[in-house]
Amino acid sequence: VMSSDLPPWITFPDIERAKWVNTLLAQMWVNGLSNQVSVAVNEILQGKLEEMRPPFVRKLTCKKCDFTSMCPNVVGMKVYDSGMTNRESEIMMDVDVDVFGNDPEAFIIVASLLTGPVDVAIGNIVLRGKLRLVFNELYEHFMPFRVVNISFVTLPTVDFRLCALSQGLDLNKIGGFRSKIAQSVNASLKELMLWPRSFPFDIFDPLFHTQLQVAVLEAHLKKSGLNTFVNVAFADDEKVTSTMIFETSHTYNKEFLFV
């Protein structure tokens with residue numbers, strides 16, 4: 001095993017394992033976070049395509065931007081002391097992430113050539129890097145913070161595959177085309193979110209459908225002769241189980257969903 005393949009929590013003792021983060025991230029990803037990332041990246045991409053356009057291409061437009069298959073996997077994380085942030089209300093952490101996208105058509109770019117439009121697919125994206133996350137803007141419900149500012153500590157390694165869908169060309173073999181896209185991606189990442197620059201991400205954007213699932217398993221009372229029930233409140237919503245008359249213990253196995 002090469003040393004570069006070892007997880008960061010083995011190489012650096014102050015890096016923590018992040019299994020719980022990946023569990024939470026996977027749930028958030030399928031509940032709207034991937035859609036929110038797709039919309040944010042699409043807006044940035046539309047403004048950058050002209051800069052990425054090779055001389056032989058008349059125009060570039062984004063037809064599809066889908067991050068569904070690219071949920072990041074956190075392989076290690078380090079949380080900094082509050083004294084190292086700009087404000088006491090901030091939390092800063094570095095996370096080592098791997099992204100292995102299995103969608104060969106995660107992005108579809110329409111290239112307008114002299115011979116007509118060509119749909120170019122960019123997919124099978126692989127990314128490895130270290131993100132710096134700075135959480136701020138206190139929030140009173142569910143999440144303790146509303147906004148996370150995302151930066152790369154250093155430029156990540158990015159790999160991808162190209163394919164011209166409409167003509168079946170292997171664009172990976174066209175000299176300079178793939179490298180031009182790679183250079184533009186690195187330049188955009190450096191300009192937008194290479195530390196100390198950051199990309200502000202609103203956790204509670206309307207595109208992100210926040211859900212909290214609470215399971216009530218059992219209820220036990222210390223005094224006899226009372227009725228048993230469980231009241232669960234979150235933000236402005238409230239859920240109540242059925243009332244069991246004169247029962248000091250009851251198994252509910254009841255789930256409540258707060259949206």
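We number each residue from 1, following the sequence as shown. Worth knowing before you read on, the calculation uses all heavy atoms, side chains too, and leaves out hydrogens, waters and symmetry mates.
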Spatial distance of atom [atom1] ([X]) from atom [atom2] ([Y]) [nearest 0.5 Å]:
X: Ser38; Y: Leu45; atom1: OG; atom2: CG; result: 11.5 Å
X: Tyr252; Y: Leu217; atom1: OH; atom2: CG; result: 12.5 Å
X: Cys65; Y: Glu43; atom1: SG; atom2: CD; result: 10.0 Å
X: Asp119; Y: Lys64; atom1: CG; atom2: NZ; result: 11.0 Å
X: Ile245; Y: Leu226; atom1: CD1; atom2: CG; result: 11.0 Å
X: Asn22; Y: Cys71; atom1: CG; atom2: SG; result: 7.5 Å

Compare all side-chain heavy atoms of [X] with those of [Y] and state whether any distance is below 4.5 angstrom.
X: Ile44; Y: Leu192; answer: yes
X: Phe152; Y: Leu131; answer: yes
X: Val118; Y: Val57; answer: no
X: Glu191; Y: Leu189; answer: no
X: Val75; Y: Asn73; answer: yes
X: Tyr80; Y: Arg132; answer: yes
X: Asp159; Y: Ile125; answer: no
X: Phe201; Y: Leu33; answer: yes

Which heavy atom in [X] sits nearest to a heavy atom in [Y], and how many Å separate them?
X: Val99; Y: Pro72; answer: CG2-CA, 3.8 Å
X: Ser224; Y: Thr248; answer: CA-CG2, 3.5 Å
X: Gly101; Y: Met70; answer: CA-CG, 3.7 Å
X: Pro117; Y: Val110; answer: CB-CG1, 4.0 Å
X: Leu49; Y: Cys62; answer: CD1-N, 3.5 Å
X: Ile109; Y: Ile122; answer: CG1-CD1, 4.2 Å

*Is there a ring-ring contact (aromatic ring centres under 6.0 Å, His included) between Phe67 and Phe107 once you walk through the steps?*
CA-CA 9 Å; Phe67 274 76; Phe107 296 87; 5.6 Å; yes
Going hydrophobic residue to hydrophobic residue with side-chain gaps under 4.5 angstrom, can you get from [X] over to [Y]?
X: Leu133; Y: Met77; result: yes
X: Leu25; Y: Met93; result: yes
X: Val30; Y: Val39; result: no
X: Val240; Y: Val214; result: yes
X: Val79; Y: Val74; result: yes

[X] side chain to [Y] backbone, donor-acceptor under 3.5 Å:
X: Trp29; Y: Thr68; value: yes
X: Asn227; Y: Phe246; value: yes
X: Lys254; Y: Thr241; value: no
X: Ser249; Y: His220; value: no

*Count the heavy atoms of every other residue, nucleotide or ligand shown that sit under 6.0 Å from NZ of Lys48, and state whether that count exceeds 12.*
yes
*If you count the non-hydrogen atoms of other residues, nucleotides and ligands that lie under 6.0 Å from CZ in Phe229, is the total more than 12?*
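Counting neighbours around CZ of Phe229, 12 or fewer heavy atoms of other residues, nucleotides or ligands fall under 6.0 Å, so no.
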